[in-house]
Amino acid sequence: MPDWGLGRYELIAAEVEPAARRVVSMAAPLEGRQVLDVACGTGNAALLAAEAGASVTGLDQAPRLIEVARERAAAEGLDVSFMVGDALQIELPDESFDVVFSVFGVIFAPDPE
């Protein structure tokens with residue numbers, strides 16, 4: 001599995017932000033809902049969902065990208081929980097979320113379905 005925390009993924013994240021906007025808009029309405037963003041990277045979709053009023057958890061395997069996402073949330077004054085973890089072994093209770101999405105990250109899972 002590649003380490004997405006290497007290099008400057010932030011540059012790619014900025015380019016793919018329109019896709020995150022589309023995914024979040026398709027999940028609307030989000031206000032008051034519990035949302036999990038799997039393979040959240042630098043937090044594009046997670047932050048947008050939080051702006052829409054959701055209670056959001058972002059999960060990614062790259063610790064550095066999680067730190068970038070936390071910094072972005074703090075800078076924007078958004079309360080988002082970010083955690084390092086494996087998309088195939090999410091250590092959260094079943095049925096914890098109303099909405100689960102992944103903008104691009106799920107395509108890299110060994111079994112995307």
Side-chain angles (χ1 to χ4, degrees):
M1 185 72 78
D3 183 351
W4 291 96
L6 298 176
R8 298 292 298 169
Y9 179 76
E10 296 91 313
L11 301 173
I12 295 168
E15 294 293 320
V16 299
E17 187 169 356
R21 288 190 181 284
R22 178 71 175 139
V23 167
V24 172
S25 72
M26 290 174 66
L30 292 174
E31 187 171 355
R33 297 176 84 188
Q34 299 291 323
V35 173
L36 175 62
D37 181 5
V38 178
C40 67
T42 59
N44 284 349
L47 299 176
L48 292 167
E51 287 175 4
S55 176
V56 182
T57 299
L59 172 83
D60 200 280
Q61 71 173 7
R64 191 183 74 73
L65 297 186
I66 289 294
E67 285 305 313
V68 171
R70 287 180 179 142
E71 290 169 6
R72 290 181 65 199
E76 294 181 30
L78 296 170
D79 183 19
V80 180
S81 173
F82 290 102
M83 59 187 286
V84 175
D86 184 336
L88 297 179
Q89 296 177 334
I90 299 173
E91 296 182 14
L92 296 167
D94 289 346
E95 300 182 24
S96 297
F97 299 94
D98 303 307
V99 177
V100 177
F101 52 65
S102 178
V103 178
F104 287 113
V106 75
I107 67 174
F108 297 105
D111 183 4
E113 290 182 28

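Contact detail for Ala49 and Val35: the closest heavy-atom pair is CB-CG1, 4.4 Å. What you find for Ala46 and Phe82 is that their closest heavy atoms are CB-CE2, 3.9 Å. Among all heavy-atom pairs drawn from Asp37 and Ala45, the shortest one is OD2-CB, 3.5 Å. Between Asn44 and Ala20 the shortest heavy-atom distance is CB-CB, 3.7 Å. For the residue pair Ser96 and Gln34, the shortest heavy atom distance occurs at O-CB, 3.6 Å. The two residues Asp60 and Ala39 have their closest heavy-atom pair at OD2-C, 3.2 Å.
Residues Leu59 and Val68 are members of separate hydrophobic clusters, defined by side-chain heavy-atom contacts under 4.5 angstrom among Ile, Leu, Val, Met, Phe, Trp and Tyr. A single hydrophobic cluster is not seen to contain both Val99 and Phe97; linkage of ILVMFWY side chains at heavy-atom distances under 4.5 Å, directly or through other members, places them apart. Hydrophobic clustering of Ile, Leu, Val, Met, Phe, Trp and Tyr side chains at less than 4.5 Å, counting indirect connections, unites Val84 with Leu47. Hydrophobic clustering (side-chain heavy atoms under 4.5 Å, transitive across Ile, Leu, Val, Met, Phe, Trp, Tyr) groups Leu36 together with Met83. Transitive grouping of hydrophobic side chains (ILVMFWY, heavy atoms separated by less than 4.5 Å) brings Val23 and Val80 into a common cluster.
A distance of 13.0 Å separates CD of Glu76 from CG of Asp79, quoted to the nearest 0.5 Å.
A side-chain contact (heavy atoms from CB on, under 4.5 Å) with Thr42 is found for exactly one of Arg70, Arg64, Arg72, namely Arg72.
Take Glu51 and apply the side chain to side chain donor-acceptor pair (under 3.5 Å) test, not counting sequence neighbours, and it matches no residue. Applying the salt bridge (Lys or Arg N to Asp or Glu O under 4.0 Å) rule to Arg21 yields the partners Glu17; only residues at least two apart in sequence or on another chain are considered.
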Intermediate values then yes/no, side chain to side chain contact (heavy atoms under 4.5 Å, CB included), Leu65 and Cys40: CA-CA 8 Å; Leu65 297 186; Cys40 67; over 6 Å; no
Side-chain donor/acceptor pairs under 3.5 Å, residues 100-107, sequence neighbours excluded:
unit_1	atom_1	unit_2	atom_2	d
Ser102	OG	Val38	O	3.0
Ser102	OG	Gly105	N	3.4
Ser102	OG	Val106	N	3.0

